[in-house]
Amino acid sequence: MPQDSLRAVLDSVFAAPEYRWASRPSPLGFLKRWLEGLAGWLLALREAHPLGFRLFLVALGIALIVILVHAGWVLLHTIRPGGATGKDLAREALPRRDQAWYRREADRLAALGRYAEAMQTDFLALVLALDAFQLLHFHPGKTPAEYTREARLSPPARDEFRELVGSLYGYAFARWPCGPAEFAGWRARAAPERYARAH
């Protein structure tokens, strides 16, 4: 009886999960088995067909050289700057976006009835004109409000320029009603000569 109770205690202790000594499969076991199989195949090939084994090694070496040469060629063409011809072609493909281009684009948008967009484009023409007069510095990343702070204008002209930008924000972003009359009035106030004379 005491021996049976000792056996029962030992069985209950060794039944705990800590004493389960089953081996867990390795997550990379398939790779190890595959590499062992490949090594066995290469050893068998070397023993059975020595010439075939040497030809196989030569083919692997040639393939490695071809891969390395191709990788070097791709890397060279990736990091090498484009030739002057490519830059010239890219410059010729883009239209020159100066003040006149933006005025023409504003006219085109207004003709399509897209007056708010026409005002935004016309504002860029105004900014480029003021940049030519050296009253501010054009940068494509600046907002219209930033130009109002930067513009070197007399106080009345600066106030008028600020009102112009405020109305631009109203028409473009606050969706104020905008038609041909509003665009014509806005464009008259956006004439570059008004601000150049006031300087």
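Residue numbers start at 1 and run along the sequence shown.
- For the atom pair CG (L124) and CH2 (W101), the distance works out to 9.0 Å, reported to the nearest 0.5 Å.
- A continuous path of ILVMFWY side-chain contacts below 4.5 Å connects L42 to L31, so both sit in one hydrophobic cluster.
- Between A191 and Y195, the closest heavy-atom pair is O-CD1, 3.5 Å.
- In this structure the side chain of Y169 reaches within 4.5 angstrom of the side chain of T143, judged on heavy atoms.
- Residues Y102 and L164 fall within the same hydrophobic cluster, defined by Ile, Leu, Val, Met, Phe, Trp and Tyr side chains chained together at heavy-atom separations under 4.5 Å.
- No side-chain heavy atom of L130 sits under 4.5 Å from any side-chain heavy atom of Y147.
- Under the ring pair (Phe, Tyr, Trp, His ring centres under 6.0 Å) criterion, Y171 pairs with W176, sequence neighbours left out.
- Here R103 does not pair with D98 in a salt bridge; the nearest charged N to carboxylate O distance is not below 4.0 Å.
- Annotation: side chain of F173 is not in contact with side chain of L168 (no heavy-atom distance under 4.5 Å).
- Atom CD of E146 sits about 10.0 Å away from atom NE2 of H139, to the nearest 0.5 Å.
- Using a 4.0 Å cut-off between charged nitrogen and carboxylate oxygen, R33 and E36 do not count as a salt-bridge pair.
- The neighbour count for R189 CZ, taken as heavy atoms of other residues, nucleotides or ligands under 6.0 Å away, is above 12.
- Residues that satisfy the side chain to side chain contact (heavy atoms under 4.5 Å, CB included) test with R162, not counting sequence neighbours, are R158, D159.
- Of the inter-residue distances, the one linking R104 atom CZ with T121 atom OG1 reads 12.5 Å to the nearest 0.5 angstrom.
- Side-chain contact check for Y115 versus E182: every heavy-atom pair is 4.5 Å or farther apart.
- The two residues C178 and A116 come nearest to each other via the heavy atoms SG-N, 4.2 Å.
- Between the side chain of H70 and the main chain of V66, no donor-acceptor pair closer than 3.5 Å is present.
- Contact record, P144 with F123: CB-CE2, 3.7 Å, taken as the closest heavy-atom pair.
- Contact between F183 and A110 at its shortest, heavy atoms only, is CE2-CB, 3.7 Å.
- F161 is not listed as a side-chain neighbour of L135, based on a closest heavy-atom distance of 4.5 Å or more.
- Taking hydrophobic clusters as Ile, Leu, Val, Met, Phe, Trp and Tyr residues chained together by side-chain heavy-atom distances below 4.5 Å, L43 does not share a cluster with L35.
- Using a cutoff of 4.0 Å between basic side-chain nitrogens and carboxylate oxygens, K142 and E150 are scored as salt-bridged.
- A distance of 10.0 Å separates CD in Q99 from CG in D131, rounded to the nearest 0.5 Å.
- Within the structure, ring-ring contact (aromatic ring centres under 6.0 Å, His included) contacts touching residues 27-48 (residues at least two apart or in different chains) are W41-F56.
- In this structure, L68 CG and L75 CG are separated by 12.0 Å, a value rounded to the nearest 0.5 Å.
- Each of M119 and L112 belongs to its own hydrophobic cluster when Ile, Leu, Val, Met, Phe, Trp and Tyr are linked at side-chain heavy-atom distances under 4.5 angstrom.
- Considering only heavy atoms from C-beta on, D107 comes within 4.5 Å of R187 through its side chain.
- Heavy atoms only, all atoms of each residue included: P192 and L126 are closest at CA-CD1, 3.6 Å.
- Residues H49 and F53 are not in side-chain contact: their nearest non-hydrogen atoms beyond the backbone lie 4.5 Å or more apart.
- In terms of hydrophobic clustering, with Ile, Leu, Val, Met, Phe, Trp and Tyr side chains grouped at heavy-atom distances under 4.5 Å, I67 and L76 are assigned to different clusters.
- Scanning all heavy atoms of the two residues, the minimum distance from D122 to A190 falls at OD2-CB, 4.1 Å.
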